[in-house]
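To keep things clear, I will list the structure first and then write my remarks on it.
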Amino acid sequence: MSQSKVDRVTVPPMDEHNQKLVSYLHPPDWVNPQPASSYNLVVIGAGPAGLIVAAGAAGLGAKVALIEKHLMGGDCLNVGCVPSKALIRSSRIVGDIWNASKFGVNVSNGAEVDFAAVMERLRRIRAGISDVDSVQRYQHKLGVDVFLGSGRFTSNSTIEVAGQILRFKKAVIATGARALQPQIPGLQEAGYLTNETVFNLTERPQRLAVIGAGPIGCELAQAFRRLGSEVVLLHKNAQILDKEDADAAKIVQQAFVREGIQLILESQIERVEKTNAGKVIYYKCQGKEASLTVDEIIVSTGRSPNVEGLNLEAVGVEYNTQTGVFVNDNLQTTNPRIYAAGDICMKHKFTHAADFAARMVIQNTLFFGRKKLSALTIPWCTYTDPEIARVGLGDREAKEKGIDVDTFLIPFSQVDRAIIDGEEEGFVKIHVKKGSDKILGATIVARHAGDTIGEITLAMVNNIGLGKIASTIHPYPTQAEAIRKAGDAYNRTRLTPFVKNLFNRWLAWTR
Ligand SMILES: Cc1cc2nc3c(=O)[nH]c(=O)nc-3n(C[C@H](O)[C@H](O)[C@H](O)COP(=O)(O)OP(=O)(O)OC[C@H]3O[C@@H](n4cnc5c(N)ncnc54)[C@H](O)[C@@H]3O)c2cc1C
Ligand SMILES: NC(=O)c1ccc[n+]([C@@H]2O[C@H](COP(=O)([O-])OP(=O)(O)OC[C@H]3O[C@@H](n4cnc5c(N)ncnc54)[C@H](O)[C@@H]3O)[C@@H](O)[C@H]2O)c1
C-alpha cells in the first residue's frame, strides 16, 4: 500500500462513539491501495447498494474497487435508517409512558427525557454496528480494494479517485441521494437541519418545525415530540404520508394530533427570517397568511440524487437532477458498460431495495444476467407509531391502473392480541385479483406492521394465495392472526349460495 492520503472526516460531536465510527468508516490514517492493472468492477459509493455489489462480486472472485468519498455505510448507517430508528426506540418508551395509566400503571411524574443521553445511545449503537461496513473489513477480509475520495469518470474505461486512475471493465454508480433543498427565501440564511445534521444534535430544540410530512418528516416529528419538543409539522398536501393508503395515513395523522403535534396542512411556506425570538416561518394556509416562530427547522421535502461531480456527460450516462441516473429494467445506464443501483436511480428509495438491486447488478454486470428490477416485489414501512407497511398494489394504484380487485379488511379491533395490547387502532387490508385469491398488494397499520408485512410479501413472491394463508396455523394470540383472518374472510366468499345449498342437503341427508 502506498499512494495518496485521504481527507479527514469528522462527525460532530467527536466523542468516543463518533471517533470509533470514523475510525471504521473513514479512518484518518487510511492510505489508498495501489490500483490493480484492471478491475472487473469499479463501484462508486459505499452505501447499501455499493457495499453489496462490491462484497458480492469480490466473493465470487471478481477484482473489485470500491470508492467512497465520505463514510462507508452511506446514508442508511450514518444519517438514515440506523440513527432514526435508534431515536424512535427511545421515543417509543415515552409513548408507552404516556399511555401507561390505561394499563393500570401509574408513572407519577411522567417521562423525563435526558435528550443528551438519548443521542449518546444513538451514537453508541451506530458506532457499535459500524465495523461490518468498515474500510478494513472490505479491504482485508472481503478482498475489495477500498479507495477513499471522490470518484469521477475520466473515460469509458477509467475512473479517477484521489489522484489515481482505476481501469474498469464495468462500473456501477451507487452514489445515493441527499436532502432536497427547497427554494424558500431566507431558509438558507436562517439555517436548518436535514437528515445529515439532525442526528448530531446534543441539545433538544424546544420549538421545532418540520417541513414535509413524508416518511422522514413524520418519523422525526413524532420522535421529537415524544422526546419533549413542541413540534409543528408543515405539509403542502391535505394529508400527511400522502403516498400511502389514505385510511392508513389518517390513523397516523390522528395519533399525531392526539400527541400534540401541530399539523399545518395545505400550507405554502413563503419565507423564513431569523430574528432574536427565533426562526420565523411565514406561510399561507387555506388562503390566509400566518407565521410561527421556532428554534430549529428540519427540512424533509424529498431527495436529490447525487449526480454532480461524476462527469457523467463525458461517458454518455444520461440523468436528470430530480430523478437521477436513467437506467433500463436491467439497471444498465445509457452507457452499456456502466450500471447503477440504489437511490441514485430508483423510485423506491429503501435500503432493502438498494440491496436487492445490487444483487441484480452483480449478475447483470459479471455474468450477462438479465435480471429485471420490475420483477422485484418491494415492501416498505414507515416507522411512525403505529407503523404503516405496504407491499404491492394500494387502493389508489388499483384505481389508477383500472385493476379490478377484491379487498379484505380486518380491523385490529377484531384481533384479540391487538385488543389485549391496547393497539386496536389499525388494520390489515389485502387486495386480491378479482374473483381469485392471488394477492396483489397489502397495507398494514399496526405497531409492528413492518415485521408483519413480510408474511404477505413471502406469499406474493411465491404465488401463495390468500386461501392458503387461511389454512396456515398462526399462534394465538398474535397480531399476525389478522392476516389469517383476512384469509378466512376470503374463504367465506367461496361459500356461494349454490355451495351452501349443497352442504345443507348433504348435512340433512347424513343427520
Ligand atoms: C432519515 C432517513 C431514514 C431512513 N430510514 C429508512 C428505513 O428505515 N428503511 C429503509 O429501507 N430505508 C430508509 N432510508 C433510506 C435509505 O437510507 C436509502 O434508501 C439507502 O441508504 C440508499 O442506499 P444507496 O447505497 O443507494 O445510497 P446511500 O446510502 O446514499 O450511499 C451512497 C454513498 O455514495 C457516496 N458518494 C456519493 N457521491 C460519491 C462520489 N462521487 N464518489 C464517492 N462516493 C460518493 C456517499 O458519500 C454515500 O456514502 C432512510 C433515509 C433517511 C434519509
Ligand atoms: N422508513 C423508511 O423506510 C424510510 C424512512 C425515511 C425515509 N425513507 C426514504 O427516503 C425517502 C425520502 O423521504 P422524504 O420524507 O424526505 O421525502 P418524500 O418525497 O417521501 O416526502 C416529502 C414530502 O414533503 C412534501 N413537501 C415538499 N415540499 C414541501 C414544502 N415546501 N412544504 C411542505 N411540504 C413539502 C411533499 O409533498 C412530500 O409529501 C422516502 O421516500 C423513502 O424512500 C424511508
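Counting starts at 1 for both ligands and their atoms, following the listed order.
Around the NZ atom of K85, the shell of radius 6.0 Å holds more than 12 heavy atoms that belong to other residues, nucleotides or ligands. The environment of CD in E289 is crowded: more than 12 heavy-atom neighbours from other residues, nucleotides or ligands sit within 6.0 Å.
The existence of a salt bridge linking R207 and D295 is confirmed by a sub-4.0 Å separation between a basic side-chain nitrogen and an acidic carboxylate oxygen. Salt bridge E259/R226: present, at least one basic N to carboxylate O contact under 4.0 Å. Salt-bridge annotation for E397 and K243: absent, with no side-chain N of the basic residue lying under 4.0 Å from a carboxylate O of the acidic one.
Ring geometry for W380 against H348 counts as tilted: the plane angle lies between 30° and 60°, on a 0 to 90° scale.
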For ligand 1, which of its N or O atoms have a protein N or O partner closer than 3.5 Å, and how long is each gap?
from, atom 1, to, atom 2, distance (Å)
ligand 1, 5 (N), K85, NZ, 3.2
ligand 1, 8 (O), K85, NZ, 2.7
ligand 1, 11 (O), T351, N, 2.9
ligand 1, 11 (O), H352, ND1, 3.3
ligand 1, 12 (N), T351, N, 3.4
ligand 1, 19 (O), D343, OD1, 2.9
ligand 1, 19 (O), D343, OD2, 3.2
ligand 1, 19 (O), K349, O, 3.4
ligand 1, 19 (O), F350, N, 3.2
ligand 1, 21 (O), C76, N, 3.4
ligand 1, 25 (O), P48, N, 3.2
ligand 1, 25 (O), A49, N, 2.9
ligand 1, 26 (O), D343, N, 2.8
ligand 1, 29 (O), D75, N, 2.9
ligand 1, 41 (N), G151, O, 3.4
ligand 1, 42 (N), G151, N, 2.9
ligand 1, 44 (N), K69, N, 3.2
ligand 1, 47 (O), E68, OE2, 2.6
ligand 1, 49 (O), E68, OE1, 2.7
ligand 1, 49 (O), E68, OE2, 3.0

Would you mind writing out a table of all protein N or O atoms found under 3.5 Å from any N or O atom of ligand 2, naming both atoms and giving the distance to 0.1 Å?
from, atom 1, to, atom 2, distance (Å)
ligand 2, 1 (N), E219, OE2, 2.8
ligand 2, 1 (N), C381, O, 2.7
ligand 2, 3 (O), C381, O, 3.3
ligand 2, 15 (O), P215, N, 3.3
ligand 2, 15 (O), I216, N, 3.0
ligand 2, 16 (O), G302, N, 3.2
ligand 2, 19 (O), K243, NZ, 3.1
ligand 2, 20 (O), K243, NZ, 2.9
ligand 2, 34 (N), K236, N, 3.2
ligand 2, 37 (O), N237, ND2, 3.3
ligand 2, 43 (O), K349, O, 2.6

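For R137, there are no salt bridge (charged side-chain N to carboxylate O under 4.0 Å, His left out) partners two or more places apart in sequence or in a different chain. Contacts of R126 classified as salt bridge (charged side-chain N to carboxylate O under 4.0 Å, His left out), with partners at least two apart in sequence or in another chain: none.
Between the D329 side chain and the S374 main chain, a donor and an acceptor come within less than 3.5 Å of each other.
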